[in-house]
Number of protein chains: 2
Amino acid sequence: MKQTAGRNPPGEGLRERKRRETAKRIKETGIRLFIERGYDAATIDDIAAEAGISRRTFFYYYKSKDDILMSLQSALGDILAERLREEPDDKRPLDAVRDAALRVSATVPKDEMLVLDRLMRSSEAVQARKVASYVQHEGTLFAALREKWPEPERETALRLIAMLSFGAVRLSLDAFNREGGKRPLVELLRDAFDVLEAEI
Amino acid sequence: MKQTAGRNPPGEGLRERKRRETAKRIKETGIRLFIERGYDAATIDDIAAEAGISRRTFFYYYKSKDDILMSLQSALGDILAERLREEPDDKRPLDAVRDAALRVSATVPKDEMLVLDRLMRSSEAVQARKVASYVQHEGTLFAALREKWPEPERETALRLIAMLSFGAVRLSLDAFNREGGKRPLVELLRDAFDVLEAEI
DNA sequence: TGCAAACTTGCACTGAGTGTAGTGTAATTT
DNA sequence: AAATTACACTACACTCAGTGCAAGTTTGCA
């Protein structure tokens, strides 16, 4: 009972812990340098050096430079889907998504969002990846909706609702960043969904 | 009358003509090689050599490798906006977009579309750019809609309609490519807009 | 202890994209 | 027609992202 249990009190191996620490350190170093010097000017050599690893090891953890930024972005769809699963089944799908989105938006750190958005705009390729990830999130959201309302005859409707509601999220995020966080995201989201209701 | 008039019967200088010819030759060579060898395997050196220009000149005409593919994609939004301008003002905006989209889709060469779609899927970065260009087209469409219905109080509604209808276009294109062009694009589009009407 | 898998690194290489400076030719000016 | 300017094109040299490979080191486990 000493071989494994004695070495990982927290839960899983020291290896796993170090791995996560290294990944996190690389990510944070990368973002810091992106902010300090700009996305293009911060080279992978710089990041690796400051994170205390070799250039080659960078690619062991992240498959590309923009992967660092995408690792932040990619969480969004999953989190929204997760919150959606917690919503009661008797709501209308669109309302469920709205409420889930509102709960997510309340926990997003404002300044971080603005900084990251500005960062992503500095590189065309990154910006493209970000927008593309929205569409992927739409797919994730659709899958979560289907899970909740699996009736086959609702499929097209759900696909549409995913598109619509993620569109509302997208428009809200864009508006939020465009006006530099002047109005809170929660408010913008509520407005967007209200317009959705009113217009359709 | 021989110095200038005698040299440009078509209208504008020989320089302009050669320029367009070269740009076209590079583009066509690029696409051919992408198809023959795959996007990644076809290097810019290859394309430049086969197009009879230097590597450096490639970048004089296109700012990146994927710019060749994007130059095809980017037309879509503009064409749709153009057709939309030809629609009568007394239609409902959504109907106007639908009819414009139907007219565009009737003129799109099927095989070319399928080939290009397959190509774009072979590179993540290109695929991301393609999806991002959809969002840009949505913006172009919105601008065209505003031009036609400039009443300020309709703005949010039009933004929504642009999102919705371009979403329908996007879903149709995806379905078309997914099923390998089995059903004609016009039909898929009509269905998508019908669903839109029925569900909202 | 010893072995296998996971982690880490250096080295060498390909390919995209940029800066620069220079050449030839079309277009303009005088 | 000659001189000037602007554009198309090129070679060369460079930076940087990303990959393949062949090591080495560390950790987990029997």
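As the structure is a computational prediction, the values presented were derived from the model and not from experiment. Lettering of chains follows the sequences in order, A, B, ..., and the numbering in each one begins at 1.
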Trainee: Select base, sugar-phosphate, or nothing to describe what Lys18(A) touches, counting heavy atoms under 4.0 Å on all strands.
Mentor: sugar-phosphate
Trainee: Please give, in whole Å, the distance from dC7(D) P to Arg19(B) CZ?
Mentor: 10 Å
Trainee: Counting neighbours of CD on Gln136(A) that are heavy atoms of other residues, nucleotides or ligands and sit closer than 6.0 Å, is the number greater than 12?
Mentor: no
Trainee: Take atom CD in Glu124(B); do more than 12 heavy atoms of anything else shown fall under 6.0 Å from it?
Mentor: no
Trainee: In whole angstrom, what separates Arg17(A)'s CZ from dT27(D)'s P?
Mentor: 10 Å
Trainee: Rounded to the Å, how far apart are Ile44(A) CD1 and dT15(D) C1'?
Mentor: 13 Å
Trainee: Between Glu124(A) (CD) and dA16(C) (P), how many Å, whole number?
Mentor: 18 Å
Trainee: Of the listed nucleotides (dG17(C), dA8(D), dC7(C)), which one gets closest to any side-chain atom of Tyr61(A)?
Mentor: dC7(C)
Trainee: Scan side-chain atoms only and decide if Ser64(B) and Asp67(B) contain a donor-acceptor pair under the 3.5 Å cut-off.
Mentor: no
Trainee: Roughly how many Å is it from CD1 in Ile68(B) to P in dG17(C), rounded to a whole number?
Mentor: 10 Å
Trainee: Grab the NZ-P distance between Lys65(A) and dT15(D) for me, whole Å please.
Mentor: 15 Å
Trainee: Could you check which residues of residues 49-60 of chain A get a heavy atom under 4.0 Å from DNA chain D? Sort them by number, please.
Mentor: Arg55(A), Arg56(A), Phe59(A)
Trainee: Within 45° of the ring axis of Tyr39(B) and under 6.0 Å from its six-membered ring centre, is that where the NZ or CZ of Lys65(B) lies?
Mentor: yes
Trainee: More than 12 foreign heavy atoms under 6.0 Å from CZ of Arg25(B): is that the case here?
Mentor: yes
Trainee: Is it true that, when you exclude Glu112(B) itself, more than 12 heavy atoms of the residues, nucleotides or ligands shown sit nearer than 6.0 Å to its CD?
Mentor: no
Trainee: Roughly how many Å is it from OH in Tyr62(B) to P in dA16(C), rounded to a whole number?
Mentor: 16 Å
Trainee: Taking the nucleotide of DNA chain C with the nearest heavy atom to each, does Asp66(B) or Arg15(B) sit closer to the 5' end?
Mentor: Asp66(B)
Trainee: Residues two or more places apart in sequence or in another chain: which of them pass side-chain hydrogen bond (donor to acceptor under 3.5 Å, both in side chains) with Asp99(B)?
Mentor: Lys91(B)
Trainee: Between dG18(D) atom P and Asp40(B) atom CG, what is the distance in whole Å?
Mentor: 12 Å
